[in-house]
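Sequential numbering from 1 along the given sequence is applied to the chain's residues. Just so it is clear, the structure is predicted and the values come from calculations on it, not from any experiment. Heavy-atom basis, side chains included; hydrogens, waters and symmetry copies ignored.
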Amino acid sequence: MVTVAEELIQSDLTLTRRAGESVSFSCGGTDQCNTAVVDWYQKKDTRELFRMLLSISTKNGAITKGYNHPEEEDFSAVKKQDGWELEIKKVKDVHSATYYCCCSKSSHRDRIFGSGVKLYVTDMPVLKPSVTVYQAASSDHLEEKRSLLCVASQMVPPVVQITWKRQEQDGSSLALTPGGTEQLDVIESDYTASILLIHQRDENSHTYDCSVTHEGGTVEQQIEEGVSQSPPKELPPDTLSTNQTLTERPSSEHPVSQKQVKLLCLVYTVLITKSLVYCCGVSLLRLVRRSCKHAAD
């Protein structure tokens, strides 16, 4: 059985290039590999399986090919400050895919992978996300639970990573623990939303940071518990057309109230679903105990 762990470091979420430009993919953490070879895999959106590209020696950048990949001649190795990277000297539309680095940790059956970097080949410029944070529901509606909502939209490319932190009284940021909070992410074609469910009761009001990591940079927004925050002023675009000009920014055609209703319905749907699953589990447990009791009698 092959074990897979996300342990190699691929720090980029996405890379965006125009056709004809060059691009390279880094892979960190290779000191834990038991061989001086890093394998590279490609996964296209239209193909479910990973496909082997080539192998690169971490010592001298020597390349091993012969895996019958139709584009293998387009790839090479380039020496950078942190080691050897996978390179495409002239990007083509066909290179749009996600690229993963991989190596053997202790044996050929114990493989570790990076998180993958998605390459976008487009003429559209990289645009930072527009980030809005506000309270999805108050504690009066959810009893002991409170909900905060962070929405990232209007970004190019459309891939982001959202993390939450809590501001302490001394000004430092504290990473949130799974026991006290729960993060639920919803990824759509035109926006990414992150719902922070706060479980523990606390009489003090806290300030929370929503940090959105994107290829164009990191965008952060703060919100204080109990303080009403206005909903987003506009909806994210339904799609990002490749026919848009380089200076054209997506616009909205929908009213604000529709966006607010959709997001609030999303929060309550998630909470109701969790409650139903919990009730079904409790009911099933009671039935099993009752059956066991009758069998014993």
Side-chain angles (χ1 to χ4, degrees), residues 5-14 28-29 113-118 128-155 158-188 191-232 236 259-260 262-278 281:
E6 191 178 288
E7 296 184 23
L8 294 181
I9 302 172
Q10 292 184 266
S11 55
D12 297 309
L13 288 174
T14 61
F113 284 78
S115 56
V117 179
K118 188 165 186 177
K128 283 186 177 183
S130 172
V131 179
T132 305
V133 186
Y134 59 96
Q135 295 196 86
S138 66
S139 57
D140 294 337
H141 294 87
L142 299 177
E143 297 179 352
E144 297 183 0
K145 294 183 180 179
R146 292 154 290 169
S147 302
L148 302 179
L149 186 62
C150 181
V151 182
S153 61
Q154 296 183 319
M155 58 272 188
V159 178
V160 296
Q161 185 179 56
I162 300 180
T163 56
W164 291 88
K165 291 184 179 181
R166 191 180 74 185
Q167 290 285 331
E168 296 299 286
Q169 293 183 351
D170 59 2
S172 61
S173 296
L174 178 67
L176 301 180
T177 58
T181 60
E182 184 178 356
Q183 180 175 338
L184 305 172
D185 293 337
V186 179
I187 302 174
E188 298 291 342
Y191 68 91
T192 296
S194 179
I195 306 168
L196 181 66
L197 301 177
I198 306 171
H199 299 301
Q200 73 270 29
R201 298 186 64 178
D202 194 340
E203 296 180 355
N204 298 323
S205 177
H206 296 284
T207 298
Y208 289 86
D209 293 333
C210 174
S211 179
V212 181
T213 303
H214 183 259
E215 182 180 344
T218 300
V219 181
E220 295 185 349
Q221 290 286 354
Q222 289 186 345
I223 184 171
E224 184 178 351
E225 274 184 286
V227 177
S228 177
Q229 188 85 356
S230 300
K259 175 65 174 180
Q260 184 180 11
K262 286 183 178 179
L263 293 175
L264 291 176
C265 288
L266 173 65
V267 174
Y268 286 113
T269 300
V270 171
L271 295 176
I272 292 172
T273 302
K274 290 181 62 181
S275 299
L276 289 174
V277 172
Y278 175 78

_According to side chain to side chain donor-acceptor pair (under 3.5 Å), who are the partners of Q167, at least two apart in sequence or on a separate chain?_
S173, D209

*Does a side chain donor of either T14 or E215 reach within less than 3.5 Å of an acceptor in the other side chain?*
yes

*Could you tell me which residues satisfy side chain to side chain donor-acceptor pair (under 3.5 Å) with Q10, sequence neighbours excluded, listed by chain and number?*
none

_Exercise: identify the closest heavy-atom pair between V133 and C150_ = CG2-SG, 3.8 Å

_I'd like to check the side-chain contact (heavy atoms from CB on, under 4.5 Å) partners of T163; sequence neighbours left out, ordered by chain and number._
S211

*Would you name the heavy atoms of V219 and P129 that are closest together and state the gap between them?*
CG2-O, 3.9 Å

*Taking all atoms of both residues into account, what is the closest heavy-atom pair of A193 and I162, and its distance?*
C-CD1, 4.5 Å

*Residue list, side chain to side chain donor-acceptor pair (under 3.5 Å) with K118, at least two apart or on another chain*: D45

*NZ on K165 to CD on Q222, rounded to 0.5 Å*: 12.0 Å

*Which pair of non-hydrogen atoms, one from D12 and one from V117, has the smallest distance, and what is that distance?*
O-CG2, 3.2 Å

*Can you list the residues that meet the side chain to side chain donor-acceptor pair (under 3.5 Å) rule with D185, with sequence neighbours excluded?*
Q183, S194

_According to salt bridge (charged side-chain N to carboxylate O under 4.0 Å, His left out), who are the partners of E168, at least two apart in sequence or on a separate chain?_
R166

